[in-house]
Visitor: 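First the structure, which I've put down as structure tokens, then a few questions once you've had a look.
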Amino acid sequence: MNMNKKNLPDGSIVALVTPFREDGTVNEEKLRELVEYHIENKTDGILVLGTTGETSTMTHEEDDIAVKTVLDAADGRIFVLVGTGSNNTAVQKQKSLDYEAMGADGLLIISPYYNKANPQGLYHHFMETAEAVNIPVVIYNIPGRTGVNIPANVVGELSKHPNIAGIKEASGNISYAVDIAPFLNENFKMYSGNDDMIVPMLSLGSSGVISVLANIAPKETHDMVELFMKGDTKGSLDLQLKYLDLIHSLFCEVNPIPIKTAMNDMGFNMGGLRLPLYEMDPKNHDRLKESLKKVGLL
């Protein structure tokens with residue numbers, strides 16, 4: 001694992017699915033199995049409590065169970081990033097302090113959704129948390145879910161803070177990524193938040209991806225980044241294109257519905273989804289299964 005002095009890994013950080021038992025509770029045993037699976041398959045880091053982990057439907061107590069289980073299973077063998085974002089800055093700050101104390105290696109904090117914010121509000125929302133903790137913070141730009149894009153100049157100001165170590169960029173707008181690329185250096189990394197843009201983002205200087213695809217193709221996602229960084233851009237692009245149809249299928253309905261469905265189809269036994277997330281439309285599910293078959297995962 002290649003880390004800089006702010007302690008963030010290059011490569012593929014999996015946005016981990018949260019497995020549930022039949023009764024709907026968090027399945028700690030399956031979480032432990034997933035940690036081992038990712039360590040064995042070269043995943044460079046694990047994000048717990050991300051969008052893919054259904055954290056928006058989980059209680060604080062369940063969040064604690066998931067984080068404690070992953071940290072215990074990881075036992076320092078793989079970088080663990082914990083999503084602590086909230087549209088309530090005070091809640092985000094407290095959760096960040098709690099998970100830092102629990103042993104998280106880094107924190108992912110999101111721009112405030114629903115209430116949005118003006119540029120200065122966004123700046124202070126992130127700075128309040130960064131000032132409070134002593135582990136690396138990754139800010140998260142995903143306007144499709146939050147309704148607000150973090151202005152590039154605000155990213156530039158935030159990048160100067162010693163605890164703000166990177167950005168997960170998931171706007172899907174390559175022009176925006178170009179605008180923030182000048183702020184990247186060994187102390188401020190960019191990660192693609194879109195699996196269909198891993199290689200284009202690497203060409204702009206990103207350090208890897210925070211990935212949904214890595215849940216089912218961990219080694220291939222790791223290799224996509226590693227090949228590019230070693231100069232084999234064709235090998236990296238070949239992998240990007242090989243998995244492109246599957247990536248599109250994984251986002252034909254709102255994440256994490258397709259990825260959890262795919263994992264269940266593949267025998268991971270991740271359990272069901274929590275409302276308001278619901279089972280895939282049968283036509284979309286058929287499409288997903290065909291995409292999995294094309295790359296030999298089903």
Side-chain angles (χ1 to χ4, degrees), residues 1-21 25-55 58-85 95-110 129 133-138 140 163 165-166 168 189 191 193 207-226 256 259-260 263 266 268-271:
M1 193 185 303
N2 179 22
M3 293 190 181
N4 65 14
K5 60 188 177 183
K6 278 191 177 176
N7 211 35
L8 289 178
D10 294 341
S12 169
I13 299 173
V14 62
L16 200 69
V17 164
T18 302
F20 298 129
R21 298 187 184 91
T25 58
V26 175
N27 191 330
E28 297 99 311
E29 295 79 11
K30 287 291 178 186
L31 268 177
R32 290 178 178 277
E33 288 177 17
L34 289 176
V35 172
E36 295 303 324
Y37 170 71
H38 284 289
I39 291 172
E40 289 168 8
N41 284 279
K42 296 190 176 182
T43 295
D44 301 284
I46 291 174
L47 166 64
V48 61
L49 302 188
T51 306
T52 311
E54 295 180 73
T55 185
M58 289 163 62
T59 66
H60 291 313
E61 291 76 17
E62 288 174 324
D63 288 348
D64 288 353
I65 289 168
V67 174
K68 284 177 182 174
T69 302
V70 170
L71 286 171
D72 183 59
D75 194 26
R77 296 175 297 157
I78 188 169
F79 187 95
V80 178
L81 186 69
V82 179
T84 57
K95 287 188 78 171
S96 298
L97 287 165
D98 291 345
Y99 291 131
E100 178 185 21
M102 202 179 284
D105 297 311
L107 306 167
L108 180 70
I109 57 176
I110 199 164
T129 299
V133 299
N134 293 294
I135 55 175
V137 168
V138 178
Y140 186 7
N163 287 343
K168 178 183 179 183
K189 297 186 173 188
Y191 296 92
S207 295
V209 61
I210 297 178
S211 173
V212 174
L213 174 66
N215 280 284
I216 54 174
K219 185 178 182 299
E220 294 79 2
T221 311
H222 161 87
D223 288 350
M224 202 184 301
V225 179
E226 184 175 71
I259 187 62
K260 201 166 198 182
M263 293 181 79
M266 292 168 64
F268 281 91
N269 299 318
M270 292 291 99

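Remember, predicted model here, so these are calculated numbers, not experimental data.
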Visitor: Would you mind checking if Glu54 and Lys260 are paired as a salt bridge, meaning a charged N to carboxylate O distance below 4.0 Å?
Guide: yes
Visitor: Mind checking whether Asp72 and Arg32 have side chains closer than 4.5 Å, heavy atoms only?
Guide: yes
Visitor: Decide whether His222 and Ser12 meet the rule of one side-chain donor and one side-chain acceptor closer than 3.5 Å.
Guide: no
Visitor: Do the non-hydrogen side-chain atoms of Asp105 and Leu81 ever get within less than 4.5 Å of each other?
Guide: no
Visitor: Does the pair Glu29 and Arg21 meet the rule for a side-chain contact (heavy atoms from CB on, under 4.5 Å), with working shown?
Guide: CA-CA 10 Å; Glu29 295 79 11; Arg21 298 187 184 91; 3.2 Å; yes
Visitor: Check for a donor-acceptor pair, side chain of Asn41 on one end and backbone N or O of Ala217 on the other, with a separation under 3.5 Å.
Guide: no
Visitor: For the residue pair Tyr99 / Asp64, report whether a side-chain donor-acceptor contact shorter than 3.5 Å exists.
Guide: yes
Visitor: I'd like to know whether Glu100 forms a salt bridge (charged side-chain N to carboxylate O under 4.0 Å, His left out) with Lys95, so could you lay out the CA-CA distance, the side-chain angles of the two residues, the decisive distance to 0.1 Å, and finally the verdict.
Guide: CA-CA 8 Å; Glu100 178 185 21; Lys95 287 188 78 171; over 6 Å; no
Visitor: Against Val26, only a single residue in Asp63, Ile65, Thr59 fulfils side chain to side chain contact (heavy atoms under 4.5 Å, CB included); can you say which?
Guide: Ile65
Visitor: Determine, stepwise, if the pair Leu34 / Leu16 fulfils side-chain contact (heavy atoms from CB on, under 4.5 Å).
Guide: CA-CA 8 Å; Leu34 289 176; Leu16 200 69; 4.2 Å; yes
Visitor: Quick one: are Val14 and Tyr37 in side-chain contact, heavy atoms under 4.5 Å?
Guide: no
Visitor: May I ask you to decide whether Lys219 forms a salt bridge with Asp223, counting only side-chain N to carboxylate O separations under 4.0 Å?
Guide: yes
Visitor: Any ion pair linking Arg77 and Glu36 (charged N to carboxylate O, less than 4.0 Å)?
Guide: yes
